[in-house]
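Each remark here refers to the structure printed beneath this line.
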Amino acid sequence: MPGGVWRFGMARYNAKESEKYWQAEWDRRGAFRTPEDSARPKCYVLEMFPYPSGSIHMGHARNYTMGDVIARFRRAQGFNVLHPMGWDAFGLPAENAAREKKVDPREWTYANIATMRAQLKLMGLAIDWEREFATCDPEYYRHQQKLFLDFFEAGLVYRSEADVNWDPVDQTVLANEQVIDGKGWRSGAPVERRKLSQWFFRITSFSEELLAGLDTLERWPEKVRLMQKNWIGKSEGLRFSFDLSDGRALDVFSTRPDTLFGASFVALSPDHPLTEELAKKDAKLAAFVAECRRTGTAEEAIEKAEKLGYDTGLKAVHPFDAGWELPVVVANFVLMGYGTGAIFGCPAHDQRDLDFARKYKLPVLPVVVPDGADPKTFTVGDEAYTGPGHLANSRFLDGLEVDAAKAEAAKRIEAMGKGTRTTNYRLRDWLVSRQRPWGCPIPMVHCAKCGVVPARESDLPIRLPDKIAFDVRGNPLAHHPSWKHTACPACGGPAERETDTLDTFVDSSWYFARFTDTKAETPVSTDAVDYWLPVDQYIGGIEHAILHLLYSRFFTRAMKKTGYVKLDEPFAGLFTQGMVCHETYRGQNGGWLLPDEIEKRDNKAYLKGSDTEVIVGPSEKMSKSRKNVVAPETIIEIFGADTIRWFMLSDTPPERDLEWTDEGAEGCWRFVQRIHRLVTETVGLPAPGTAMGDVSGAGLELRRATHRAIAAVTDDLAALRFNRAVARVYELANAIGSADAGVDGAVRREALEALVLLIGPMMPHLAESCWRTLGHQTLVAETPWPKADAALVRADVLKMGVQVNGKLRGTIEVAPDAAEDAVKASALALDGVVRALDGKTPKRVIVVPRRIVNIVA
RNA sequence: GCGGGCGUGGCGGAACUGGUAGACGCGCUGGAUUCAAAAUCCAGUUCUGGUGACAGAGUGUCGGUUCGAUUCCGACCGCCCGCACCA
């Protein structure tokens, strides 16, 4: 009923009607359009945009509620707030749906978006919907293709060979999640690692900058910065060569040249060029390599696999001893992508090398001995020693500390001309090619005459074809009858389009910049990004701690290099929220059951409407596979959006996992009703703005409670401690509810108005309706945030604990500025203290002002 | 396997920079109101012993630093996240 009449004093708060009314009212007044051209400070609040899977789940509800609270809070504090929403719309699920349900991925995706947009709108989010876009909109990916061409021009894009998971039966490339126990998820055939020529972004050209930039991200969680730091994996080491028995030299990289005298083998990656060469003449080696390639490309799988090796028969000469030969093996745990793809193995001081040496009965000689241990007797069992210590069994390195030994070994190798000290990074270049039909086409053309040629900018966007056939093997784009055929942009002759599409991480690496001006004719408009970026508060799941955030940081630097932005770091503030969990239920036959299918009686769970008991399992992340899901839509239908929002903010700290319970939701619903009652049932309030006279006694107590709540909630919301803000709101509501009947009306009004404004960002519909009931014609959404009076926040009496030998024996009440001697005296006079001292004289009395007294007896 | 995190009553959690452990909510118990139920209101609720005042124990486990440790350090146990083609 937009524009209708708001009815006062309903006995019970009708959330459904109220929410509909206020959502329409916000819409009508354009309350959440992004303010521009103003002298006020800006605040860009962004939540990680969703994949349009088909429905909003609790994780979304939690994420978007938090962002919405910040957006509304900052708006009330006088910021220009940008709070947009969009869709991360390319990706595998649409292809799976297309294959399984014979639907068009585009239609499927946009239908999902429509459903989810409607669900999000029910939550009453303060979002500027005029800026919405989906990454599968040609209007978006057209600009992404332009960025790709600019990056190519700037030398940030190149083509190279890379491994993929190859399903030999389906003749298709598989994603890691489509490889289950080394087999293709559809065909069941053992997966092979295969090389393809693919596109890369040169993210490693920013390795050092991406690492150094982490130190500037003060409002990022420490754990995320640490994870990124480890991911980039900067290490100082030595790159040097072994002379091989066949006259060749083999380059290896090591961060531990100090352990060279503990070496017992040299190992090559199965993908090392030398391995491939040797395998041509050694059928057994070729078979071994093929076996290694069955692991797929996932690093986890490779590292978890049993350590296997194959002796090539070649020997490597120890660089410090021409008479010392080490066997050269091919080992499945040596990664081609790191260092040189070849290592020397020192089993005593590296766990993987040790596992390998034990299996193949190779020598394990400790060369670093922890301080305090005897070099003659120190041995290594099943656990490699990686700690500090001094060198032993190492000739000229003996007695040196690890760092000194590293330096000495490196110096000698360098002097011999066999190697150089280098900095190595674990970070690899970003492989962006995907052999998938539902992604952003890579704007390149292959011409027999001219080679690989960039598409013309005037031809952008290179659109996906309208009809994609999914019942083919391999990449449907490559099999499309006409799509790939085009004219070469250079010579005009017949040529073929690149049929690879971009990794969907590319789509999400710059969407935050596009939101600042979604109408711009270029990828971004300079004025808009200069004004709005960086994002002031970014919120999303911890699962994105590394890849998405690192790629976005790279993209921002690449966009700086190509002249689009002036900054390096896209997200000034980052918050990673926890997951939403729920109990799991299984029937007698072991099958999972939906929470909807069970009911609880006397602490047991039964199949709804029966006496069949249900097995209650532990609380786990809500997932369709375990059926432990509760749909936000259902909860909104029953209780309304404010209830689910309040639940999402209550109790659990936002970075931790949250458990959904029906009882908790009912508690939130009761609190919604309680606030409504507090506001509607308080009689005799003076008109808004009425001044209050001198206030003392119960009135003063209520004023103190009000201003303490304002101060605490303000701090808590600014620090994203939503659960604490919620607790403070409960305290204020309790104080108002239990206030003495004689308290002045103007004091009550102040308390109620504060309560309503404080819940404004969290339960916006209820707040608007209470605000109207309190006689205001304005919107809470347009009302400034309340200010706490510092004089009322300060306490006039302090309660201090008094301990004897660290055990609490009583409390004393003192003035905040009480002298230490007076505090001491009243502490020693306490009954409990006298009893605990039992006549003994205190040795020492520690008084920590305003906090505690500890008497040491 | 490697990297990162978390662990406090029956449950979710609070405790700022090492200073009264359990704020606030859920649940439960008792009472008021009601023909009854829902809703609401009042009281209680870490555990053990005690009618009680009170005493003892207690923040995953074990040990350490300190006048004092949920907080700092070491080892261990359990759970969770990421590992480059899920998003």
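The chains referred to below are lettered A, B, ... by the order of the sequence lines, with proteins before strands, and numbering in each begins at 1.
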- Task: In sequence, state the C-alpha distance, the side-chain angles, and the governing distance for A/T504 and A/Y51, and then conclude on side chain to side chain contact (heavy atoms under 4.5 Å, CB included).
- Result: CA-CA 11 Å; A/T504 55; A/Y51 178 80; over 6 Å; no
- Item | Watson-Crick or G-U pairs under 3.5 Å in RNA chain B, rendered as dot-bracket with [ ] for crossing pairs and | for another strand | (((((((..(((......[....)))((((((.......))))))((((....))))..(((((..]....))))))))))))....
- Check: A/W166 main-chain N/O paired with A/R194 side-chain donor or acceptor under 3.5 Å: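 No; zero donor-acceptor contacts below 3.5 Å.
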- For the side chain of A/H60 and the backbone of A/H57, is there at least one donor-acceptor N/O pair under 3.5 Å apart?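 Pair found, side chain donor or acceptor close to backbone of A/H57.
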Counting the atoms with a prime plus P, OP1 and OP2 as sugar-phosphate, which does [X] contact under 4.0 Å by heavy atoms, base, sugar-phosphate, or nothing?
X      : answer
A/Q198 : base
A/V848 : base
A/K223 : sugar-phosphate
A/L431 : base
A/R436 : base
A/V726 : nothing
A/F671 : nothing
A/P221 : nothing
A/V173 : base
A/A305 : nothing
A/W231 : base
A/I302 : nothing
A/T811 : base
A/S508 : nothing

- Message: I want to verify a distance call: between B/U20, B/U40, B/C41, whose nearest atom is closest to the A/R674 side chain?
- Response: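 Of the options given, the side chain of A/R674 lies nearest B/C41.
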- Query: Closest to the A/L92 side chain: B/C86, B/G19, B/G13?
  - Reply: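 Closest of the options to the side chain of A/L92: B/C86.
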Within the pair [X] and [N], is there a side-chain N or O less than 4.0 Å away from OP1 or OP2?
X      : N     : answer
A/R426 : B/G3  : no
A/T661 : B/C26 : no
A/N165 : B/C85 : no
A/R352 : B/G1  : no
A/R656 : B/A14 : yes
A/N723 : B/G12 : no

Would a line drawn from the ring center of [X] to the ring center of [Y] be shorter than 6.0 Å?
X      : Y      : result
A/F647 : A/W660 : yes
A/F575 : A/Y538 : no
A/F200 : A/W430 : no
A/W87  : A/F49  : no

- Residues A/K229 and A/E222 bridged, charged N to O under 4.0 Å: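 Here A/K229 does not pair with A/E222 in a salt bridge, since their nearest N and O are not under 4.0 Å apart.
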Could you tell me whether the side chain of [X] has a donor or acceptor atom within less than 3.5 Å of a complementary atom in the base of [N]?
X      : N     : value
A/N230 : B/G3  : no
A/E300 : B/C83 : yes
A/Q435 : B/C85 : yes

- Query: Does a side chain donor of either A/N165 or A/R293 reach within less than 3.5 Å of an acceptor in the other side chain?
  - Reply: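 Per modelled atom types, A/N165 and A/R293 side chains form no pair under 3.5 Å.
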- Would you say the side-chain atoms of A/Y338 and A/S235 include a donor-acceptor pair closer than 3.5 Å?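 Yes - a donor-acceptor pair under 3.5 Å links their side chains.
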- Can you measure from CG (A/D503) to CD (A/Q198) and round to the nearest 0.5 angstrom?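 Between A/D503 CG and A/Q198 CD, I get 11.0 Å after rounding to 0.5 Å.
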- Nearest 0.5 Å please: distance from the CZ atom of A/F555 over to the OG atom of A/S508.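 Here the rounded value is 9.0 Å.
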Nucleotide [N], atom [atom2] - distance to [atom1] of [X] in whole Å:
X      : N     : atom1 : atom2 : value
A/K799 : B/U20 : NZ    : P     : 13 Å
A/L226 : B/G3  : CG    : P     : 11 Å
A/R728 : B/A23 : CZ    : C1'   : 6 Å
A/E177 : B/G82 : CD    : P     : 12 Å
A/I855 : B/C67 : CD1   : P     : 16 Å
A/I852 : B/A21 : CD1   : C1'   : 11 Å
A/E659 : B/G13 : CD    : P     : 9 Å
A/Q577 : B/G82 : CD    : P     : 13 Å

- Letter by letter from the 5' end, nucleotides 68-81 of chain B scores (B base, S sugar-phosphate only, - none; protein heavy atoms under 4.0 Å) S-----------SS
- Under 4.0 Å protein heavy-atom contact, by nucleotide of nucleotides 48-64 of chain B - B base, S sugar-phosphate only: ------SSSS-------
Between the protein and nucleotides 43-45 of chain B, which nitrogen or oxygen pairs are less than 3.5 angstrom apart?
none

- Message: Under the rule for ring pair (Phe, Tyr, Trp, His ring centres under 6.0 Å), what residues qualify as partners of A/W108, not counting sequence neighbours?
- Response: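 Applying ring pair (Phe, Tyr, Trp, His ring centres under 6.0 Å) to A/W108 gives none.
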- Query: How would you list, by chain and number, every residue that makes a ring pair (Phe, Tyr, Trp, His ring centres under 6.0 Å) with A/Y140, sequence neighbours excluded?
  - Reply: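 Expected list: A/F133, A/W510.
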- Assess whether atom CD of A/E383 is packed by more than 12 heavy atoms of other residues, nucleotides or ligands within 6.0 Å.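 Counting neighbours around CD of A/E383, 12 or fewer heavy atoms of other residues, nucleotides or ligands fall under 6.0 Å, so no.
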- Message: side-chain hydrogen bond (donor to acceptor under 3.5 Å, both in side chains), that's the test. Do A/Q228 and A/W220 meet it? Break it down for me.
- Response: CA-CA 11 Å; A/Q228 293 220 350; A/W220 278 41; over 6 Å; no
- Could you label the plane-to-plane angle of the A/W438 and A/F90 rings as parallel, tilted or perpendicular, counting under 30° as parallel and over 60° as perpendicular?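 Rings of A/W438 and A/F90: perpendicular, over 60°.
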- Query: For B/G9, is chi within 90° of 0 (syn) or not (anti)?
  - Reply: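 In terms of base orientation relative to the sugar, B/G9 is syn.
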